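Note that ligands are numbered from 1 as they come in the structure, with each ligand's atoms numbered from 1 the same way. Everything numeric in this text was worked out from a predicted model, so none of it was measured.
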Amino acid sequence: MKPFTYERASSPAEAAAAVANHPGAKFIAGGTNLLDLMKLQIEAPTHLVDVNRLALDKIEATPDGGLRIGALVRNTDLAADPRVRRDHAVLARALLAGASGQLRNKATTAGNLLQRTRCPYFYDTDQACNKRQPGSGCTAMGGVTRQHAVIGTSQQCIASHPSDMAVALRVLDAVVETVRADGARRVIPIAEFHRLPGETPHIETVLARDELVTAVSLPKPVGGTHVYRKVRDRASYAFALVSVAAIVQRDGSGRVALGGVAPKPWRVEAAEAAMPRGAQAVMAQLLAGARPTENNTFKVLLAERTLAAALTQARAMA
Ligand code: SF4
C-alpha cells in the first residue's frame with residue numbers, strides 16, 4: 001500500500017472541500033472495496049477523507065410517503081428496516097443476497113453504489129485494463145468472460161456492475177442526492193447515475209471528483225409483489241451471473257431490472273409493457289442488441305429463465 005494522509009470530516013461540505021483541495025484525495029466510509037483496491041495499488045489515493053462521523057446514517061420518512069436513506073446507512077441496517085421490508089421489499093431482498101454478513105455490517109449505501117467491477121483482469125495488475133489504466137487495452141476481450149456483461153458494453157470494456165442493491169434501487173426509481181465543495185447540491189435519478197463504458201470505461205458515474213453522495217431517496221411505495229432472484233456460481237458470497245429485481249402487480253403489469261448482465265443496473269422501461277405476456281416477451285426487448293461473448297452467451301437465456309422463475313414466484317407470493 002502506498003503512503004497516504006488522513007483526515008476526519010465533520011460535515012458533508014467540509015468533506016467535499018477536503019477532497020477538492022487535495023488532487024489525489026478520496027472519500028472513505030466502510031472501505032470494503034477501496035481498502036482492497038489500495039492494497040493492490042489499483043487505487044492509490046494520497047489523502048483519505050473519512051466521512052464515517054457525518055450525520056448521514058438515518059432512514060427518514062419523506063413528506064411524499066417515500067424514504068430518505070442516509071449515505072452512511074449500513075447495508076445490514078437498511079435490509080432490516082421495517083419500512084424497507086414492508087414497502088420496498090425488493091431492496092431488502094437484494095441487500096441480503098449481496099456479500100456476507102460481516103461485509104454488510106460495514107458497507108454503506110453510497111459505497112455499495114460506488115463499488116467497482118469485479119472483472120478479474122481489473123484486479124490483476126499484470127494485465128492490460130482500460131478501466132484501471134486508460135488506453136492500455138482490455139485483456140477480457142478474448143479472455144475468460146463468464147462473469148462479464150452482455151449488453152451496454154463497448155470495444156474498450158465489457159465489465160459488469162457488481163451491485164445487487166443498485167439493481168433494486170433502479171426498479172424502485174430511486175434518486176441520489178449529492179453535495180459539492182461549493183455547496184452545490186444535485187438530485188440524480190438512479191438511471192443516470194452510472195455511465196456506460198463507451199470510450200472512457202474508467203469514468204463510472206456522473207459524479208464530480210469532489211461530489212459527495214449524501215442520501216438515496218425512494219419515492220412512495222408502488223405496491224405489488226417484490227422479488228429478487230440471483231443466480232450465481234455458489235450459494236452465498238458470490239457476485240451475480242444474472243439477477244432479476246421484479247415488482248409485479250395483480251394484473252400482471254410491473255417493473256423489472258437486471259443485474260450481472262451490463263456495466264450498470266439494466267432496465268428498459270418500454271420492455272415492461274410486455275410483462276403480462278411473460279418473460280420471453282419482456283426479454284426480447286430488455287436484452288435486444290445484446291452482444292455476448294463466446295463464454296457468456298448462456299446469460300441471455302439464463303436471464304429469461306430467471307425472470308420466468310421470478311414471475312412464477314411473484315404469483316405464488318401474491
Ligand atoms: Fe478492464 Fe473492463 Fe477489460 Fe475488465 S472488461 S479488463 S475492467 S477494460
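Using a distance-only test at 3.5 Å, with no hydrogens or angles considered, a donor-acceptor pair links the side chain of His226 to the main chain of Val90. Between the side chain of Arg267 and the main chain of Leu258, no donor-acceptor pair closer than 3.5 Å is present.
Looking at atom 2 (Fe) of ligand 1, its nearest protein heavy atom turns out to be Cys157 SG, 2.4 Å. At the top of the distance list for atom 5 (S) of ligand 1, counting protein heavy atoms only, stands Ile158 N, 3.3 Å. Looking only at heavy atoms of the protein, atom 4 (Fe) of ligand 1 is closest to Cys119 SG, 2.3 Å.
Atom 3 (Fe) of ligand 1 has an N, O or S atom of Cys138 under 2.8 Å away, backbone or side chain. The nearest N, O or S atom of Cys129 is closer to atom 1 (Fe) of ligand 1 than 2.8 Å.
Thr145 and Asn296 are not linked by any side-chain donor-acceptor pair at a separation below 3.5 angstrom, with hydrogens and angles left out of the test. Looking at His194 and Glu204, their side chains never bring a donor and an acceptor atom within 3.5 Å of each other.
Residue-ligand proximity, Tyr121 to ligand 1, at heavy-atom distances under 4.0 Å covers atoms 6 (S). The contact set between ligand 1 and Gln156, taken as ligand atoms under 4.0 Å from a residue heavy atom, comprises 8 (S). Every atom of ligand 1 is numbered from 1 in the order shown, and the set under 4.0 Å from a heavy atom of Ala140 is 3 (Fe), 5 (S), 6 (S).
The pair Asp87-Lys220 does not count as a salt bridge, with every side-chain nitrogen at least 4.0 angstrom from each carboxylate oxygen.
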- [ ] List the steps and the verdict of side-chain hydrogen bond (donor to acceptor under 3.5 Å, both in side chains) for Ser253 and Gln249.
- [x] CA-CA 5 Å; Ser253 65; Gln249 305 294 344; 5.9 Å; no

